[in-house]
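In what follows, every heavy atom counts, from backbone to side chain, and hydrogens, waters and symmetry copies are set aside. So that the names make sense, note that chain A is the first sequence line, chain B the second, and so on, each numbered from 1. All of these numbers come straight from a predicted model, not from anything done at the bench.
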2 protein chains.
Amino acid sequence: MNARDPRPSFGGREFGEGGDVSKRILKLVRSDDLRRSKSDRLIAHYIERNIAELPFETARSIAQRLQVSPMTIGRYLRRMGFDGLDELKSELRRGGSNPAWEVKGPVASLEQDRKEGKLLAGLIQQQIDNLGQIYAITSAPEWQQTIDALIGATEVYVAAYQNVRGIAQYFASQLSYTRPRVQFVDGLNGTYAELLDGSVEGRLLFLHDVRRFAAKARPLALEARRAGVKVVLLTDEFCPWGPEVSDICLIVPGSHGPLWDGAATMTAVMDLMLSNIIVLKGDEVSERVDTLTHLQDVFGDFES
Amino acid sequence: MNARDPRPSFGGREFGEGGDVSKRILKLVRSDDLRRSKSDRLIAHYIERNIAELPFETARSIAQRLQVSPMTIGRYLRRMGFDGLDELKSELRRGGSNPAWEVKGPVASLEQDRKEGKLLAGLIQQQIDNLGQIYAITSAPEWQQTIDALIGATEVYVAAYQNVRGIAQYFASQLSYTRPRVQFVDGLNGTYAELLDGSVEGRLLFLHDVRRFAAKARPLALEARRAGVKVVLLTDEFCPWGPEVSDICLIVPGSHGPLWDGAATMTAVMDLMLSNIIVLKGDEVSERVDTLTHLQDVFGDFES
DNA sequence: CCCAAAATGTTATTAAAATAACGCTTGTGC
DNA sequence: GCACAAGCGTTATTTTAATAACATTTTGGG
């Protein structure tokens, strides 16, 4: 045993209260003694909320999720009184009888509630169905073209209006982690000169618009193409002029609900694009992320 | 791959019969093809009776229990169509989602397709799992409190920073369709005076922040509460100071991927909130939407 | 009873997780 | 601020599980 990481003689299995095991673990995890440092709280919190998932986890996987080192998890478990995650697991196993993971998952109860006509369950179900559909998009040739375009362009300009403007800004923000020269444009100066002045070859306009289309969108796309800018359009199935004004037109189906159109599916599509880019660019992205993380620490107003 | 122990092209995930995963596994295990030899039946029987225990087992431990060699277990799992027990476990973990589309095989595109196809499908699956989980949030008391607060407040201020800023702006934009006096605040004037000056009772701060937390977020929440503003915090499971600084703390689990943290789940949560509000406010919202639609037509730069 | 084919066990190798030892960072008391 | 202690990450090592390749046993037909 490591002298630096002693296993205390109290706590853990020494308790013999005989009650429900997961309750005991939760109680342990909630005790002040195990929430002292920041990562303590992180881990405690994670266990508290994901106790049903623990059987599937390893110390390593938890560590990765929480962005700490596996050692920290190991030390924490030892402070809890368990000699490694396996010991905690077998304790959980004995305690049994509470298992959310058994046959019914959370999704199963979701299904149940949906049948009972609960509104939110139905909406979630619809979101899920939508997500199932977007897999089809990733197999379309336009998908690969879009990825290639986003990677290959010298400069990327992202544009969107009205209510989905924020979503596109998010995309631009995330995209800039994977490559340089990404900019959100709003044309508030009235000209879009930065995009349309033709001073750089290989520019790309990533235009996002959905129903109740913005008046500016179509002319911008047309003008961009005239200026030699490649245009990617991400839109929904209601766009009447999609393919005409764009080089690559990605149509996301089903991104509209009974009450109104949600942006969740679009966000998922964007996240998928980013993931795909990361996979393709690999280490190149890691380096850039490191650089940006450093810059964040210097200028970024991030915590800690 | 071992020529003696081929993994057949049928079986396992190739089936897309839909429905609950454990059902699928049980069905597999009961098929004649997987009960041919003596140990086949032994293993099949064991899985059938102890499927809930599987997450705690290893191939080795099962083997020991059944007095066969670990190899036999491994081979059996492979015949089932799983590449090792871990793959079966992760299937079980997913619980209940329909793998129909996961199966559609490799996407027909460029070289790395198989890998990437799998990857994207996996990411979508993860999104779906996340969505399944958010149902749990909607049943939490905090959910209803949040909805009530969003409806009941005299003024709503939405705040977020860095990369999720756009997402929150989207939320603010959408929320303003359901009720008046919604504003996104960024504190760029350095004071947040509009929010903190105490000139109006019943104000609400809707603060959204996720990992790599903004340095501004925590102080803003604290200051807001001091100024008598109710604080709703929408965050992920990594927030160490969530409940301390907020009146209502909504924690969205699983909004993080292997590559990075996506915003799709958060967007879905927001859309759900909006839907919930619409349902509760009913006609009141319709009227407001009509009004806003009219205003859009006059000022809004919308098409047609 | 024998023989071929299938099934299983054994052994050696590979892959992966846990952790001890060390060093850096962070926070905290004076 | 400064110094000491606690917390954490990193690397190298140990331990454990999974599996390919080979050896042995079992099964079923003649």
Can you tell me the distance, in whole Å, between the [atom1] atom of [X] and the [atom2] atom of [N]?
| X | N | atom1 | atom2 | result |
| --- | --- | --- | --- | --- |
| I73(A) | dT10(D) | CD1 | P | 14 Å |
| R41(B) | dA7(C) | CZ | C1' | 12 Å |
| M71(A) | dG9(D) | CE | C1' | 9 Å |

Assess whether a salt bridge exists between [X] and [Y], defined as any Lys/Arg side-chain N lying under 4.0 Å from an Asp/Glu carboxylate O.
| X | Y | value |
| --- | --- | --- |
| R218(B) | E244(B) | yes |
| D40(A) | R79(A) | yes |
| E57(B) | R65(B) | yes |

The side chain of [X] is closest to which nucleotide in this list: [options]?
| X | options | result |
| --- | --- | --- |
| S39(A) | dA20(D), dG7(D), dT19(C) | dG7(D) |
| S69(B) | dG9(C), dT19(C), dG9(D) | dG9(C) |
| R75(B) | dT19(C), dA20(D), dA21(D) | dA21(D) |
| R78(B) | dC8(D), dT10(D), dT19(D) | dT19(D) |

| task | Using the test ring pair (Phe, Tyr, Trp, His ring centres under 6.0 Å), find all partners of Y161(B) that sit at least two apart in sequence or belong to another chain. | result |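 Y161(B) satisfies ring pair (Phe, Tyr, Trp, His ring centres under 6.0 Å) with no residue once adjacent residues are dropped.
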| request: Report, as yes or no, whether the 6.0 Å neighbourhood of atom NZ on K216(B) holds more than 12 heavy atoms from other residues, nucleotides or ligands. | output: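 Yes, the 6.0 Å shell around NZ holds more than 12 heavy atoms from other groups.
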Distances for protein N or O near nucleotides 16-18 of chain D N or O, under 3.5 Å:
from	atom 1	to	atom 2	distance (Å)
dA18(D)	OP2	A59(B)	N	3.0
dA18(D)	OP2	R60(B)	N	3.2

| Rounded to the nearest 0.5 Å, how far apart are CG of L85(B) and CZ of R60(B)? |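 Between atom CG of L85(B) and atom CZ of R60(B) there are 13.0 Å.
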| request: Look at the side-chain N and O atoms of T72(B) and state whether any lies under 4.0 Å from the OP1 or OP2 oxygen of dG9(C). | output: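 Result: yes.
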| message | Suppose we call a contact any N or O donor and acceptor under 3.5 Å apart; does that hold for the side chain of R79(A) and the base of dG7(D)? | response |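 No.
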